[in-house]
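Chain identifiers are assigned alphabetically (A, B, ...) following the order of the sequence lines, protein sequences preceding nucleic acid strands; residue numbering begins at 1 within each chain.
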Protein chains: 2
Amino acid sequence: MARRKVKLQYIVNKSSRRNTFRKRKEGLLKKVYEITTLCDIKAAAIIYSPFDVEQEVFPSHPEVHEMLMRFQDMSEKDKTKNMVN
Amino acid sequence: MARRKVKLQYIVNKSSRRNTFRKRKEGLLKKVYEITTLCDIKAAAIIYSPFDVEQEVFPSHPEVHEMLMRFQDMSEKDKTKNMVN
DNA sequence: CGTTCTATATATAAAGG
DNA sequence: TCCTTTATATATAGAAC
């Protein structure tokens, strides 16, 4: 979006892809922060990126870990049920 | 945003909060899908909401579970390091 | 490679059904 | 309560540094 509408597909050019990744990651974390604040809920985003040295990025609360634990405890059936595409 | 700028704070009115939650959750999942597609990375969002019957919502791939496993394996120090606020 | 600047695409608050 | 419709706030692609 912005200057030009972009097709929703893999960005081949590496520097463009990297730039888009950085900007969108920032936007995504902001959105997570906002919905968390506005609705007083727990939310987190996990991003695995080949660009960052650190492999996982976590926005949001320490409670995130608790959420993960809860997820781990769910049955496989429930996990599938809660997947959204 | 939209018709009126909204202060970034808890929305007291329940129906408004619920509506905002539903819309923003949808937008958030879309963003996750987009960054995933555009940059060919793995990403997921976890949302704990009192509005949904299901307690956790997961956008994105089956690989998400693998990501969580990797996170579980990280040392406490690394977990803290990867938290972003 | 990372930032900042803007024009434009998107997300979304309110309102209406 | 949920879906549409809009007006407006935000996010962000591309450019320039």
Side-chain angles (χ1 to χ4, degrees), chain A residues 1-61 64 67 78 80-85, chain B residues 1-61 64 67 78 80-85:
Chain A
M1 56 278 310
R3 292 304 175 109
R4 193 158 67 125
K5 181 169 180 173
V6 138
K7 287 182 68 174
L8 198 61
Q9 63 183 221
Y10 182 64
I11 298 169
V12 179
N13 183 278
K14 187 174 178 180
S15 61
S16 298
R17 189 169 70 252
R18 182 191 178 81
N19 279 329
T20 287
F21 175 74
R22 276 194 312 109
K23 287 187 178 177
R24 281 176 175 262
K25 181 173 78 173
E26 185 180 26
L28 194 60
L29 300 191
K30 184 176 179 185
K31 289 290 183 186
V32 170
Y33 168 69
E34 291 179 349
I35 196 173
T36 293
T37 303
L38 291 169
C39 307
D40 191 30
I41 58 159
K42 304 288 179 6
I46 311 174
I47 301 176
Y48 173 92
S49 118
F51 296 121
D52 293 327
V53 176
E54 309 292 305
Q55 300 288 281
E56 274 86 19
V57 177
F58 251 93
S60 196
H61 327 283
V64 164
M67 293 173 62
D78 287 339
T80 303
K81 194 170 59 182
N82 289 336
M83 293 286 183
V84 176
N85 289 312
Chain B
M1 57 283 306
R3 292 304 176 110
R4 193 158 66 125
K5 181 168 180 171
V6 138
K7 286 181 70 173
L8 198 62
Q9 63 183 222
Y10 182 64
I11 298 168
V12 178
N13 183 278
K14 188 175 179 180
S15 60
S16 298
R17 191 170 68 252
R18 181 192 179 82
N19 280 330
T20 287
F21 175 73
R22 280 194 311 111
K23 286 189 180 178
R24 280 175 176 263
K25 181 174 78 173
E26 185 180 27
L28 194 59
L29 299 192
K30 184 176 177 183
K31 289 290 187 188
V32 170
Y33 169 69
E34 291 179 349
I35 197 174
T36 293
T37 303
L38 292 169
C39 307
D40 191 29
I41 59 158
K42 305 287 177 8
I46 310 175
I47 302 176
Y48 173 92
S49 119
F51 295 122
D52 294 326
V53 176
E54 309 292 309
Q55 298 290 280
E56 274 85 18
V57 178
F58 251 93
S60 197
H61 329 280
V64 164
M67 292 172 63
D78 286 339
T80 303
K81 195 170 57 182
N82 289 336
M83 295 286 183
V84 176
N85 290 313

(request) Look up atom CD1 in B:Ile35 and atom NZ in A:Lys23, then write down how far apart they are to the nearest 0.5 Å. (result) 12.5 Å
(message) Judged by each residue's nearest nucleotide on DNA chain D, which is more toward the 5′ side, B:Arg3 or B:Val6?
(response) B:Arg3
(request) Would you kindly give the CG-to-P distance between B:Asn13 and C:dA13, to the nearest whole Å? (result) 13 Å
(request) Confirm from the modelled atom types if A:Lys23 and D:dG14 form a donor-acceptor pair under 3.5 Å, side chain to base only. (result) yes
(message) Once rounded to the nearest 0.5 Å, what's the spacing between atom CG of A:Leu8 and atom OH of B:Tyr33?
(response) 5.0 Å
(message) Please compare A:Ala2 and A:Ser15 by the position of their nearest nucleotide in DNA chain C and report the one closer to 5'.
(response) A:Ser15
(message) Do B:Phe21 and B:Ile47 have side chains that approach each other closer than 4.5 Å (heavy atoms only, starting at C-beta)?
(response) yes
(request) Give B:Ser16 one of three labels, base, sugar-phosphate or nothing, depending on what nucleic acid heavy atoms sit under 4.0 Å from its own. (result) nothing
(message) Are the side chains of A:Glu26 and A:Lys30 in contact, using a 4.5 Å heavy-atom criterion?
(response) no
(request) Mark yes or no for a side-chain to base donor-acceptor pair under 3.5 Å between A:Lys30 and D:dA11, with no hydrogen or angle criteria applied. (result) no
(request) Identify whether any heavy atom of B:Lys5 sits under 4.0 Å from a base atom; if not, whether one sits that close to sugar-phosphate; answer base, sugar-phosphate or nothing. (result) sugar-phosphate
(request) May I have the distance from A:Arg22 (atom CZ) to D:dG14 (atom C1'), rounded to whole angstrom? (result) 14 Å
(request) For A:Thr20, report the nucleic acid contact type (base, sugar-phosphate, nothing); a contact means any heavy atom under 4.0 Å. (result) sugar-phosphate
(message) Rounded to whole Å, please give me the gap between CG in B:Leu28 and P in C:dT10.
(response) 18 Å
(request) Using atom NZ of A:Lys7 as one end and atom P of D:dT12 as the other, report the distance to the nearest whole Å. (result) 20 Å
(request) Identify, between B:Leu38 and B:Arg4, the residue whose nearest nucleotide on DNA chain D lies closer to the 5' end. (result) B:Arg4
(request) Find the distance A:Leu8:CG to D:dA13:C1' and express it as a whole number of Å. (result) 14 Å
(message) Side chain of B:Lys31, heavy atoms from C-beta onward: which of C:dT3, D:dT4, C:dA11 has the nearest atom to it?
(response) C:dA11
(message) Nearest whole Å is fine: how far is C:dG2 P from A:Asn19 CG?
(response) 8 Å
(message) For the OG1 atom of A:Thr20 and the CG atom of B:Leu38, what is their distance to the nearest 0.5 Å?
(response) 6.5 Å
(request) Could you tell me the separation between the NZ atom of A:Lys25 and the C1' atom of C:dG2, rounded to a whole number of Å? (result) 13 Å
(message) Could you tell me how far apart B:Arg24 (CZ) and C:dA11 (P) are, to the nearest whole angstrom?
(response) 12 Å
